[in-house]
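Heads up: the structure comes next, in structure tokens.
A, B, ... follow the sequence lines: proteins, then strands. Residue 1 opens every chain. When reading the values below, keep in mind they use all heavy atoms of this one structure, side chains included, and skip hydrogens, waters and symmetry mates.
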Protein chains: 2
Amino acid sequence: MAVALDEIDVRLLKELQTDADRPNVELARIVGLSPAATLNRVRRMKEAGVIRHITARLDSATAGFALQVYLLVTLARHDDAAERRFAAEVASLDHVISADSVAGEIDAILMLVAHDVAELHVTLSRLSTRGGASRLVTLLRLAELKPSSPLPLRATSVHSRRSA
Amino acid sequence: MAVALDEIDVRLLKELQTDADRPNVELARIVGLSPAATLNRVRRMKEAGVIRHITARLDSATAGFALQVYLLVTLARHDDAAERRFAAEVASLDHVISADSVAGEIDAILMLVAHDVAELHVTLSRLSTRGGASRLVTLLRLAELKPSSPLPLRATSVHSRRSA
DNA sequence: GATGAAATAGCATTTGC
DNA sequence: GCAAATGCTATTTCATC
């Protein structure tokens with residue numbers, strides 16, 4: 001599932017995770033390759049799935065969402081049908097902007113946004129009723145401690161095997 | 001803090017949050033404006049801070065991180081010095097890829113990645129010792145229930161006031 | 001198998017309206 | 001916000017290492 005990356009790939013990925021909003025020629029200068037070679041590497045990494053997509057990251061507050069909330073969810077039941085039902089409900093709720101299932105003290109962790117408490121309330125209710133959540137712990141996001149940061153990538157050291 | 005957005009802005013932001021990896025002329029066609037006008041709107045939204053940045057989103061697993069973990073953190077102390085110390089530790093740990101302080105049953109929620117358990121262990125230890133965390137609840141990410149989705153933006157209805 | 005250089009087609013960006 | 005024009009860029013091609 002993992003993909004081999006050399007030092008140049010790692011450098012490219014680091015740059016693209018930080019700021020993908022610049023010309024390919026600039027990336028090429030940074031990594032010391034020609035624009036064509038740079039373009040090829042980036043295209044390959046997209047095809048390989050290392051780069052999932054390139055997107056704009058918005059500031060939720062500036063976009064009008066006064067409330068940003070993490071939700072720790074415990075499901076009432078854990079059979080396949082219940083889990084599918086929950087996933088479907090999560091998918092249908094616009095205010096849930098991401099969700100992961102997890103192993104640990106809870107079953108899933110969700111990120112939601114809302115303009116006000118009433119809007120939040122509607123989403124929470126839906127998750128309890130239609131979603132089948134038995135316990136919802138709401139964590140109000142107060143501040144960003146560390147912004148979304150690049151992955152600490154390492155080059156796949158194929159050549160170091162020679163000395164091993 | 002919030003910014004006024006009309007229907008075209010909302011449409012542009014929705015498209016850019018889904019896929020920012022396409023030419024401005026295509027966006028222009030989608031929203032029915034000229035390329036110049038489209039470019040101006042996007043630039044203004046960047047300056048206004050609605051668009052924080054444009055980045056590549058990687059697939060952690062494909063990039064080699066077998067473990068992706070949410071961490072629920074309770075701090076031992078809550079004075080300013082302790083919080084600054086924790087923030088500094090979080091900032092210095094490469095494997096912590098994002099962190100927010102929250103209000104609720106815990107103090108902060110972190111997202112971490114690791115190649116293996118040993119690597120995870122190191123980061124957890126640092127958060128306990130130097131970071132001053134008194135309780136760490138580890139939630140292992142099993143699956144993505146809902147991918148990072150566009151914000152459910154609404155146009156700021158300035159004109160509807162005429163009928164109000 | 002990947003890179004570099006050159007060439008073409010296309011786009012970003014500016015200016016005047 | 002539009003249309004036209006300029007300059008630069010993305011993208012392909014092909015020879016090369």
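For residues 24-37 of chain A, the set of pairs meeting the side chain to side chain donor-acceptor pair (under 3.5 Å) definition, not counting sequence neighbours, is empty. Counting only residues at least two apart or on different chains, the side chain to side chain donor-acceptor pair (under 3.5 Å) pairs with a member in residues 79-89 of chain B are B/Arg77-B/Asp79. For residues 145-156 of chain B, every residue pair satisfying the salt bridge (charged side-chain N to carboxylate O under 4.0 Å, His left out) rule, not counting sequence neighbours, is listed here: A/Glu119-B/Arg154. Counting only residues at least two apart or on different chains, the salt bridge (charged side-chain N to carboxylate O under 4.0 Å, His left out) pairs with a member in residues 102-118 of chain A are A/Glu105-B/Arg135.
The ring-ring contact (aromatic ring centres under 6.0 Å, His included) test applied to A/His115 returns A/Phe65, not counting sequence neighbours. A/Arg141 pairs by the salt bridge (charged side-chain N to carboxylate O under 4.0 Å, His left out) definition with A/Glu144, B/Asp100, not counting sequence neighbours. Qualifying salt bridge (charged side-chain N to carboxylate O under 4.0 Å, His left out) partners for B/Arg43, counting only residues two or more places apart in sequence or in other chains: B/Glu47. For B/Arg130, there are no salt bridge (charged side-chain N to carboxylate O under 4.0 Å, His left out) partners, not counting sequence neighbours. In this structure B/Asp6 satisfies the salt bridge (charged side-chain N to carboxylate O under 4.0 Å, His left out) test together with B/Arg41, sequence neighbours excluded.
Protein chain A contacts DNA chain C over a range whose 5' and 3' limits, counting nucleotides with an atom under 4.0 angstrom from a non-hydrogen atom, are C/dA2 to C/dA5.
Overall bending of the helix from C/dG1-D/dC17 to C/dC17-D/dG1, expressed as the angle between end axes built from five pairs apiece, is 40° (10° steps).
The shortest non-hydrogen separation linking A/Val90 to A/Ala99 is CG1-CB, 3.7 Å.
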Treat primed atoms plus P, OP1 and OP2 as sugar-phosphate and everything else as base, then score nucleotides 2-17 of chain D 5' to 3': B for base contact with protein heavy atoms under 4.0 Å, S for sugar-phosphate contact only, - for none.
BB-----SSBB-----
